[in-house]
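This report concerns only the one structure given below.
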2 protein chains.
Amino acid sequence: MEIPFATIERISTYLRCLKRLKEKGIKKVSSRELSGFTKTTPEQIRKDLSYFGRFGKTGAGYDVSILTRKLERILKHKKIWNVCIIGAGSLGSALAKYNAFKTEGYDIVALFDNDPQKIGNNIGGKEIYSIESFPEITEKIGIEIAILTVPQEAIEEIEPIISKSKIRGIINFVPQLLNIKTRRKITTLDVDLAQKMYILSYLIKNKKEE
Amino acid sequence: MEIPFATIERISTYLRCLKRLKEKGIKKVSSRELSGFTKTTPEQIRKDLSYFGRFGKTGAGYDVSILTRKLERILKHKKIWNVCIIGAGSLGSALAKYNAFKTEGYDIVALFDNDPQKIGNNIGGKEIYSIESFPEITEKIGIEIAILTVPQEAIEEIEPIISKSKIRGIINFVPQLLNIKTRRKITTLDVDLAQKMYILSYLIKNKKEE
DNA sequence: TCCTGTGAAGCAATTCACAGCT
DNA sequence: AGCTGTGAATTGCTTCACAGGA
């Protein structure tokens, strides 16, 4: 069965909420309660979960711990993913320091740049390596996910280097699609912040009055 | 007619591509050519555009300049939007320096923080103001969009302050939904980077072999 | 001939409604 | 009574196929 992409997006939201509930010591949650923390309906939550199995108890809702574990297993087949950042500019450096993903099991362990001035420096305890050593270093450390934050002009130089490596996934902050050959080989997810701005201003303009 | 959200997302991608083409001096583009820069089909592009009008010439494609202008008008009813950043931590500061939106007409002009140490400082030429002065300053400067990059714990303190202001749109990097009252009043767009990580690892795991 | 614009068809996702468990 | 899980109905989106203009 083909699982809708939107379902995957929502599942990761549910997981985030469940983790919060768990921290708060809450043991049980119903689809109705969970929907209060998201923009979805209880039916949608149950349908989404049903793609992957039966996790609830009829009449009683879901066990927070169990559901958390199950959803984690659905979304992550490794407990810890090593992640690197390509492009140690302001955004790349910030993400390295920010490191909001570590608690979720995505650990930023290295940065790469082509600026000799930067190479060897440390950002938030992570070393900046030369982009030339990308394939070796990533393989040695066991990095399979890269966050791409290079300037747009650098994209063409970078792509073949990534392509040669063992990288399996890219989060791409560069406002340009990687070429089709790269995308076929490596799963890429585009995050275009300028696009978000456009969308937001459209939504503001066309906000429904209530 | 109700315009699909996905259409709005794609339209902003088309706009980005058109701007690039314009810079390169390209005058004409067909839906087929444009689809080469996106993940869409020519039919989808034509359908998306048809929600808003007829912009092409049969047999000849689209005039890049004209279409750019039209799409900009669809997505932005103001030429320049002033934007502020709430939370001058590493992510907020990076976005202020990064400023990739300026060329798109979204200009970051101020930051806000609650740390007395930071207030008065300058980041990329933008002053950091006290969060207490948020409603006055934003109104004075004419800021209608805020980028929210505060730590999660600060959310509850921040929300009533934003609510009291003239802010109309929020790009929310905090991995938590704002409360429904705020969301009804202010258009919010959530950008959860940890969620992207989860989605990426799911996609890696379930990548279709070809 | 080439390309746009668009109804109609086809497909996919969401919502409904209820059976069944506790 | 309260809640899950899920076929069926519905809604919404995308793709098809073609009329019509340059």
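Per chain, numbering begins at 1; letters A, B, ... match sequence-line order.
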Of dG7(D), dC3(C), dG5(C), the nucleotide closest to the side chain of Lys47(A) is dG7(D)
| Centre of Phe134(A)'s six-membered ring, under 6.0 Å away, within 45 degrees of the axis: is that where NZ or CZ of Lys164(A) sits? | no
Between CZ of Phe52(A) and P of dT6(D) the distance, given in whole Å, is 14 Å
Quick one about Ser165(B) and Glu139(B) (side-chain donor to acceptor, distance below 3.5 Å, no hydrogens or angles considered), yes or no?
no
Among the nucleotides dT14(D), dA17(C), dT4(D), whichever has the atom closest to the side chain of Tyr62(A) is dT4(D)
Whole-Å distance, Glu2(B) CD to dT14(D) C1', equals 17 Å
Strictly below 4.0 Å: does Thr58(A) bring a side-chain N or O up to OP1 or OP2 of dC3(D)?
no
Per atom distances to the Arg54(B) side chain, the nearest of dT15(D), dG5(C), dT4(D) is dG5(C)
note: Lys39(B), atom NZ; dT14(D), atom P; distance rounded to Å ~ 14 Å
Ile45(B) CD1 to dT14(D) C1', in whole Å, measures 13 Å
Note: for Pro42(B) and Glu43(A) on DNA chain C, the residue whose nearest nucleotide lies more 5' is Pro42(B)
Q | Phosphate-side-chain proximity, Arg46(B) and dT4(C), N/O vs OP1/OP2 below 4.0 Å | A | yes
To the nearest angstrom, the NZ-C1' distance between Lys57(B) and dT1(C) comes to 19 Å
Checklist entry - Quick one: is dC2(C) close enough that its OP1 or OP2 comes under 4.0 Å of any side-chain N or O from Arg32(B)? => result no
Rounded to whole Å, the CG-C1' distance (Asp48(B) to dC13(D)) equals 10 Å
Using a 4.5 Å cut-off on heavy atoms from C-beta on, say whether the side chain of Ile199(A) contacts that of Phe5(B). yes
- Taking atom types as modelled and ignoring hydrogens, do the side chains of Arg46(A) and Ser31(A) form a donor-acceptor contact shorter than 3.5 angstrom? yes
From CD1 of Ile3(A) across to P of dA13(C) the rounded distance in Å is 11 Å
**Message:** Below the 4.0 Å mark, does dT15(C) have OP1 or OP2 next to a side-chain nitrogen or oxygen of Gln44(A)?
**Reply:** yes
- Query: In terms of side-chain geometry, is the basic nitrogen of Lys181(B) or Glu159(B) positioned less than 4.0 Å from the acidic oxygen of its partner?
  - Reply: no
Whole-Å distance, Lys28(A) NZ to dT4(D) P, equals 10 Å
| query | dA12(C) phosphate, OP1 or OP2: any side-chain N/O from Tyr51(A) under 4.0 angstrom? | reply | no
